[in-house]
Novice: 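Take a look at this one; I'll ask things after.
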Number of protein chains: 2
Amino acid sequence: MTDTDLLRRHGLRVTGPRLAVLEALESHAHLGADEVLRRVRTTLPSVSVQAVYDVLHALADAGLLRRIEPAGHPARYERRTGDNHHHVVCRGCGAVDDVDCAVGHAPCLVPSSTSGFAVEAAEVTFWGLCPACRTTA
Amino acid sequence: MTDTDLLRRHGLRVTGPRLAVLEALESHAHLGADEVLRRVRTTLPSVSVQAVYDVLHALADAGLLRRIEPAGHPARYERRTGDNHHHVVCRGCGAVDDVDCAVGHAPCLVPSSTSGFAVEAAEVTFWGLCPACRTTA
DNA sequence: ACGTATTCTGGAATCATTCAAGTAACCGTC
DNA sequence: GACGGTTACTTGAATGATTCCAGAATACGT
């Protein structure tokens, strides 16, 4: 299935910026808005900052993109959606990588006491040092 | 142990703003910097914005405060540190509450594959609706 | 009490992101 | 294959949380 089909299937118009954003995140996961913009502009030099933000929001709302916001870092986006995978974030350089759920099926989705909250989702973030920053430190 | 002792024990100077910040977070956990400032100013009206940020950083660096940053919300601070407890965040109003770890001892601290990262900590955030927002919706 | 390192004040600057108004483009219909 | 309406994009400015800077004030060891 092409990205064009993917967009249509989700009721979204097919535009250059949208295809370019999907393309950028296909080859590089966990990019920030600024990096997405930079990559998009290598093929579509006139794309505006807001276009990228609009596209990222539209695609995230449609479920085509997942947005993650590691504390202290700008938001990142990835195409891997639907599964409950988590992330490791490097304390040194901010690099992000995927981590599959640790213990069987979604263990963290069941908190002990919810204080009356209706819990819909759980999000796990691991913090540490990436291989590069480990050797530096 | 008084907050004064607590500060000295951690090698920090004892100042009005620091005591006031600790005091504010003693009675109300998960306050944002703006709410801390507002509460501090009820007793010390001349405290500056930056003083509060400096104090929050100093206390967090010393391990007296824990900083949490729910995606899409300004940072919150709490005095409960050292244990690995987690948080529920309301998608409606941003309210935060504590949640003890779900499954025995820190299950989420052991990811399946770390991609070479040296993992130091795991952070779990549950998303849902607080009691108030549930009835409204 | 003195002196100095640290902290606090006040104001401006930064970053990521969003808002607003006008122009351009996608795409169902003719 | 052109038309028109809706949706997306462009340009430019604004926002909110946080940080930077320089100078005045304060804590606390001597």
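Every heavy atom of this structure was used, including side-chain atoms; hydrogens, water molecules and symmetry mates were not. Order of the sequence lines sets the chain letters (A, B, ...), proteins ahead of strands, with each chain counted from 1.
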Novice: Expressed as a whole number of angstroms, how long is the span from B:Leu7:CG to C:dT7:P?
Specialist: 11 Å
Novice: Which whole-number value in Å describes the distance from B:Arg38 CZ to D:dA17 P?
Specialist: 14 Å
Novice: Please check if any side-chain donor atom of A:His28 sits under 3.5 Å from a side-chain acceptor atom of A:His30, or the reverse.
Specialist: no
Novice: In Å and rounded to the nearest 0.5 Å, what is the CZ to CG distance from A:Arg18 to A:Leu59?
Specialist: 6.5 Å
Novice: Taking atom C1' of C:dC27 as reference, at what distance in whole Å does atom CZ of A:Arg9 sit?
Specialist: 19 Å
Novice: Is a side-chain N or O of B:Thr136 found less than 3.5 angstrom from the main chain of B:Ala132, in a donor-acceptor match?
Specialist: yes
Novice: Side chain of B:Arg18: nearest nucleotide among C:dT9, C:dC8, D:dC28?
Specialist: C:dC8
Novice: Judged by each residue's nearest nucleotide on DNA chain D, which is more toward the 5′ side, B:Val14 or B:His73?
Specialist: B:His73
Novice: I need the residues from residues 19-28 of chain A with at least one non-hydrogen atom less than 4.0 Å from DNA chain C; give them sorted by number, or say none.
Specialist: none
Novice: Walk me through whether B:His86 and A:Glu123 qualify under side-chain hydrogen bond (donor to acceptor under 3.5 Å, both in side chains).
Specialist: CA-CA 11 Å; B:His86 306 308; A:Glu123 186 186 310; over 6 Å; no
Novice: From the list D:dT7, C:dT17, D:dT18, which nucleotide is the closest neighbour of the side chain of A:Ala33?
Specialist: C:dT17
Novice: Rounded to whole angstroms, how far apart are CG on A:Leu12 and C1' on D:dC9?
Specialist: 15 Å
Novice: Given that B:Thr15 and A:Ser48 both sit by DNA chain D, which one's nearest nucleotide is further toward the 5' end?
Specialist: A:Ser48
Novice: Strictly below 4.0 Å: does A:Arg8 bring a side-chain N or O up to OP1 or OP2 of C:dC27?
Specialist: yes
Novice: Going by heavy atoms closer than 4.0 Å, what residues in residues 50-60 of chain A are next to DNA chain D?
Specialist: A:Gln50, A:Ala51, A:Val55
Novice: Listed by chain and number, what are the side chain to side chain contact (heavy atoms under 4.5 Å, CB included) partners of A:Glu35, not counting sequence neighbours?
Specialist: A:Leu31
Novice: First locate atom CZ of B:Arg79, then atom CG of B:Asp3, and finally report the distance between them rounded to the nearest 0.5 Å.
Specialist: 4.5 Å
Novice: Specify the separation, in whole Å, of atom CZ of B:Arg41 and atom C1' of C:dG10.
Specialist: 11 Å
Novice: May I ask you to decide if the ring planes of A:His87 and A:His85 are parallel, tilted or perpendicular, using 30° and 60° as cut-offs?
Specialist: perpendicular
Novice: Counting heavy atoms from C-beta on, name the nucleotide in D:dC9, C:dT9, D:dA8 closest to the side chain of A:Arg13.
Specialist: D:dA8
Novice: Between A:Asp97 and A:Arg80, does any side-chain N to carboxylate O distance fall below 4.0 Å?
Specialist: no
Novice: Step by step, work out the salt bridge (charged side-chain N to carboxylate O under 4.0 Å, His left out) result for A:Arg67 and A:Asp61.
Specialist: CA-CA 10 Å; A:Arg67 173 194 181 104; A:Asp61 288 348; over 6 Å; no
